2 protein chains.
Amino acid sequence: MGSLQDAIKKLQIKPGDRIKLKERDAHDKCGFDDQVRTEAETAIMAQEIDQLQDRLYAEGTRSLLIVLQGMDTAGKDGTIRGVFNTAGPVGVSVTAFKQPTENELAHDFLWRAHAACPRRGTVGIFNRSHYEDVLIAKVKSLAPKEAIEKRYDQVNDFERMLMENGTTILKFMLHISKKEQAERLQERLDNPKKHWKFNPGDLDDRKLWNEFEDAYETMLHRCSTKWAPWHVIPGDHKWVRNAAIASIVRATLEDMNPRYPAVSWKPSDFKIV
Amino acid sequence: MGSLQDAIKKLQIKPGDRIKLKERDAHDKCGFDDQVRTEAETAIMAQEIDQLQDRLYAEGTRSLLIVLQGMDTAGKDGTIRGVFNTAGPVGVSVTAFKQPTENELAHDFLWRAHAACPRRGTVGIFNRSHYEDVLIAKVKSLAPKEAIEKRYDQVNDFERMLMENGTTILKFMLHISKKEQAERLQERLDNPKKHWKFNPGDLDDRKLWNEFEDAYETMLHRCSTKWAPWHVIPGDHKWVRNAAIASIVRATLEDMNPRYPAVSWKPSDFKIV
């Protein structure tokens with residue numbers, strides 16, 4: 001297990017580090033070698049996450065925010081299913097950030113993210129997030145360059161404020177190879193049940209692969225902080241991706257060590273009639 | 001299976017019916033006789049609900065709203081876990097209605113319920129709901145009598161509007177016996193891990209058991225409509241409760257018959273490079 005923990009630790013981007021996505025292997029197995037066994041272990045970790053989440057809910061004073069980013073087809077929904085379905089919707093809420101509405105655009109870019117932050121006692125998952133405002137916004141020049149440049153620090157300050165107020169933050173970039181994306185997009189064309197997932201606009205984004213990679217690299221460099229670290233998760237193998245993320249989430253919740261709250265009464269104070 | 005379906009159909013309150021909760025057996029098994037087998041069938045139904053939910057999500061035009069009400073310890077969280085954890089938090093959101101905040105009280109009683117209604121394509125679950133405003137509000141005189149009297153029709157109109165705009169509504173009253181509640185409250189006193197769930201105020205509500213029953217009976221009489229039926233679910237056996245609700249939810253989603261949407265393109269229109 002030692003080498004596995006090391007492999008997982010390496011997925012975290014240290015503050016200030018500059019990485020090149022092309023130099024990281026999206027096909028890497030992070031030390032998980034047997035698929036069947038790893039999937040069984042992930043199922044157990046999902047149960048442990050459920051139990052830890054129950055304690056977090058009981059404690060009711062802190063929350064966990066999970067940010068998922070990645071190119072189209074990177075597997076954001078699949079990650080949520082694989083890692084969080086066992087904990088279920090009572091204590092886990094998911095917010096999918098789509099193209100901003102007129103009302104959202106009428107506010108600063110962090111406004112809608114802030115509104116979606118998890119209640120104390122719960123886990124909140126952002127499927128895409130405020131980081132779109134330094135990713136697609138940058139690649140497609142949806143905001144002035146100087147405004148985007150300021151956003152990295154604004155995001156860091158925002159996330160530090162959340163952390164200081166009881167929210168632990170984990171950020172995962174689901175890293176797939178361009179070849180794997182081609183296969184997943186082709187599958188959406190080939191399988192009629194997946195047609196609805198295919199958006200012709202995704203092909204335009206695919207043409208901008210290098211530009212998106214640049215934007216991701218800047219984001220990872222500027223916004224992986226001590227209080228809200230980014231992890232780059234090899235995503236070509238879905239089972240590796242789920243196992244790695246489940247490991248990190250479980251370890252984080254174990255570190256948080258939520259406790260059932262003490263009560264101000266003794267059981268013998270009450271008689272139920 | 002015929003008699004099972006009949007038993008389940010009987011759980012629905014017909015519009016205008018007046019029932020007496022004391023005459024209904026909270027311990028009833030609704031024709032589910034073997035616990036192990038029933039739990040296995042419930043797990044399969046939960047998977048079918050997941051698949052139907054996926055089609056609802058793909059279709060993206062309609063939603064399902066599930067309202068859960070019941071006395072303290074009736075099993076609202078447990079129902080959500082048993083029936084909806086397999087579908088998971090991507091397409092299922094839960095809203096727990098607690099004591100209204102100052103801001104909520106500054107609006108009409110339906111305001112916060114409306115804001116929490118599910119997005120198209122998703123299932124929304126209300127853990128308690130706008131019905132608290134004709135239950136606890138009535139029992140504890142939290143609003144003038146005449147105002148509460150008007151709420152039944154206001155709720156019906158609101159729910160019809162939701163239905164006419166694409167939301168299917170299912171309402172479940174989790175019906176436990178007073179004896180079963182005593183056992184569950186005692187378990188919260190006896191098990192230190194459940195102490196946090198014990199609220200001394202629950203004993204005050206327990207003293208008002210008959211008054212709450214009256215309020216429930218009026219609610220069931222006035223607000224079980226063709227477009228948003230109430231079901232009274234025997235709740236003393238958790239496995240019966242979950243099986244009955246899973247059956248009704250699955251049958252409802254099957255009737256809705258969500259479809260993967262047609263697309264305006266042919267797969268051969270695209271070449272992924």
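As the structure is a computational prediction, the values presented were derived from the model and not from experiment. Throughout, protein chains are lettered first and strands after them, A, B, ... in sequence-line order, and every chain is numbered starting at 1.
Contacts with chain B were tallied for A:Asp190, A:Asn127, A:Val94, A:Asp77; A:Val94 has the most, counting heavy-atom pairs under 4.5 Å. If you tally non-hydrogen atom pairs under 4.5 Å between each of A:Lys207, A:Arg206, A:Lys197 and chain B, the highest count goes to A:Arg206. For the set B:Pro261, B:Pro200, B:Ser93, the count of heavy-atom pairs under 4.5 angstrom toward chain A peaks at B:Pro200.
Remark: B:Arg55 CZ to A:Trp196 CH2 distance equals 12.5 Å, nearest 0.5 Å. For the atom pair CG of B:Leu203 and NZ of A:Lys271, the computed distance is 11.5 Å after rounding to the nearest 0.5 Å.
Residues B:His195 and A:Trp265 have side chains in contact (heavy-atom distance under 4.5 Å, counting atoms from C-beta outward). A 4.5 Å side-chain heavy-atom check between B:Arg188 and A:Ile272 finds every atom pair outside the cut-off.
For B:Val263, the part lying under 4.5 angstrom from a heavy atom of chain A is the side chain only. Of the two parts of A:Ala96, neither the backbone nor the side chain holds a non-hydrogen atom closer than 4.5 Å to a non-hydrogen atom of chain B. Looking at A:Thr86, the atoms closer than 4.5 Å to chain B (heavy atoms on both sides) all sit in the backbone: N, CA, C or O. Using a 4.5 Å cut-off between heavy atoms, B:Ser268 does not touch chain A at all. With a threshold of 4.5 angstrom between heavy atoms, B:Ala262 does not approach chain A through any atom at all.
Taking all atoms of both residues into account, the shortest heavy-atom contact from B:Pro89 to A:Ile80 is CG-CG2, 4.0 Å.
Remark: B:Arg81 engages A:Asp50 in a salt bridge, criterion side-chain N to carboxylate O under 4.0 Å.
Ring geometry, B:Phe270 versus A:Phe198: the interplanar angle falls from 30° to 60°, so the pair is classed tilted.
No more than 12 heavy atoms of other residues, nucleotides or ligands shown are found within 6.0 angstrom of NZ on A:Lys193. The number of heavy-atom neighbours closer than 6.0 Å to NZ of A:Lys179, taken from other residues, nucleotides and ligands shown, is 12 or below.
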